[in-house]
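All remarks here apply to the structure that follows.
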Amino acid sequence: MQRIVLHVDLDSFYASLEELRHEDIRGKPVVICVYSGRSPDSGAVRSATYKARQLGIKAGMPIVFAKRLAKDKDVAFLPTDIEYYRTVSDRMMEILEEEADAIQQVSIDEAYLDVTGRSGDDWDAARKIAEGIKRRVKDEEGLTCSIGIGPNKLIAKMASERQKPDGLTVVKDTQVAEFLRNLPVMELYGIGGKTAEALNELGIKTVNELAEFELKILEEKFGENKAVMLQQRAKGIDDSPVEQKEPQQISRMGTLKEDSNNLEAIFGKIRELAADVTTKAEKKDVSFRTISVILIDTGLKAHTRSETIQPTDNMDAILKTVKSLLARFLEENSGIMLRRVGIRVSNLTHNDERGIPRGLDKYLGEGKRGLS
DNA sequence: CGACGTGTAAC
DNA sequence: CCTTTTACACGTCG
């Protein structure tokens with residue numbers, strides 16, 4: 001079945017929203033930052049307008065780097081107000097829902113839309129739908145977005161990247177091969193620096209070389225699953241449906257005011273994070289079975305420790321489990337100093353109407369039914 | 001197979 | 001000089 005899929009990507013979303021509500025920064029390059037709080041400018045850039053990008057400022061960059069690039073220029077640096085961005089995002093997604101047969105929100109500023117039905121399988125009709133979306137987003141929220149249209153999510157996503165900001169790129173099924181021809185593998189969605197380097201070692205530099213490469217050799221290097229996935233993508237094939245996914249995990253990270261290996265000092269931060277995670281789990285009405293603590297040492301190396309228990313939605317269960325995991329980790333790694341800590345709950349189950357963790361009944365007397 | 005820890009990727 | 005959140009795959013162990 002031939003599909004028509006849109007990928008809608010809001011342009012430098014956070015920075016654009018701040019521009020809209022602060023008249024005084026309009027026209028200036030705008031940079032949205034996550035301040036970690038250990039020194040005045042410690043932290044990273046989260047979003048930058050295109051004017052800021054012209055100066056070389058990019059998301060992910062340390063704030064001090066960005067300030068150096070901004071030098072004597074008049075650049076606005078603002079902190080992240082995620083609550084506000086989420087409110088606007090929710091309104092945006094409502095607009096998109098009205099314009100699609102099915103929607104899959106992939107992040108606060110991105111969504112896939114299946115418009116196969118309402119476009120009548122017609123690419124020009126799909127383009128008109130996209131133009132309508134761009135107009136509504138502009139009229140109703142004052143924002144621009146970039147839209148890619150393709151026969152699947154992979155091609156739609158890569159098409160939306162092709163022209164931005166305020167772009168609209170259509171790649172019909174008949175144009176996929178041409179669209180991917182001679183593209184460096186790194187530009188294929190899902191291939192980052194490590195995979196690109198591994199492919200390079202096999203002499204593979206472009207997407208078409210990857211598509212034609214002997215699968216057996218790819219499997220030796222990447223394992224069967226990833227090898228097949230890589231080659232499917234290189235051919236522009238992606239059969240995954242546009243569908244809303246249930247979250248699999250909830251996590252929160254934070255940076256310590258100063259490096260530490262002291263259980264109590266670290267635990268203060270853990271308490272904040274646990275409260276956040278519990279609130280979010282309550283909001284989503286889920287319980288969890290697995291609790292993890294994520295530890296980033298001063299060398300920025302990540303360590304995780306986790307434990308699976310009976311389903312719960314209780315904050316004290318998190319604190320109790322994390323405390324024992326963390327205490328054990330610090331014992332076993334004497335001398336290590338931690339910079340950042342996080343907690344994660346996973347193995348999620350939806351609570352039932354009585355507020356009892358669903359899945360818990362399995363542990364209450366009846367025994368395990370229906371399991372082979 | 002489930003649980004656990006690590007790595008990759010994208011936002 | 002360095003954020004945050006989520007997903008997923010793989011190896012290993014018992």
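What you are looking at is a predicted structure, and each value in this text was computed from that prediction instead of being measured. In the text below, chain A, chain B and the rest are named by the order of the sequence lines, each starting its count at 1.
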Pick base, sugar-phosphate or nothing for [X], based on heavy-atom distances below 4.0 Å to the nucleic acid.
X: A:Lys67; answer: nothing
X: A:Ile108; answer: nothing
X: A:Gln249; answer: base
X: A:Gly342; answer: nothing
X: A:Asp41; answer: nothing

A:His303 atom NE2 is separated from B:dC4 atom P, nearest whole Å, by 19 Å
Cut-off 3.5 Å, side chains only: do A:Asn262 and A:Ser260 have a donor facing an acceptor? no
Show me, pair by pair, the donor-acceptor contacts under 3.5 angstrom made by side chains of residues 171-183 of chain A, not counting sequence neighbours?
{"unit_1": "A:Gln175", "atom_1": "OE1", "unit_2": "A:Lys172", "atom_2": "N", "d": "2.8"}

Which pairs of donor and acceptor atoms, one on a side chain in residues 317-324 of chain A, lie under 3.5 Å apart (sequence neighbours left out)?
{"unit_1": "A:Thr321", "atom_1": "OG1", "unit_2": "A:Ala317", "atom_2": "O", "d": "2.8"}
{"unit_1": "A:Lys323", "atom_1": "NZ", "unit_2": "A:Glu264", "atom_2": "OE2", "d": "3.2"}
{"unit_1": "A:Ser324", "atom_1": "OG", "unit_2": "A:Thr321", "atom_2": "O", "d": "3.4"}

Is a salt bridge present between A:Lys157 and A:Glu110, judged by a nitrogen-to-oxygen distance below 4.0 Å? yes
So which nucleotide from C:dT5, B:dC4, C:dT6 ends up closest to the side chain of A:Thr290? B:dC4
Is there a donor-acceptor pair under 3.5 Å between the side chain of A:Gln163 and the backbone N or O of A:Ser146? no
Can you tell which of A:Leu202, A:Leu230, A:Thr195 makes a side chain to side chain contact (heavy atoms under 4.5 Å, CB included) with A:Lys221? A:Leu202
With respect to the phosphate group of [N], does any side-chain polar atom (N or O) of [X] fall under 4.0 Å of OP1 or OP2?
X: A:Ser251; N: C:dT6; value: yes
X: A:Ser42; N: C:dC1; value: no
X: A:Arg305; N: B:dC4; value: no

Of the residues in residues 217-246 of chain A, which ones touch DNA chain B at a heavy-atom distance under 4.0 Å? none
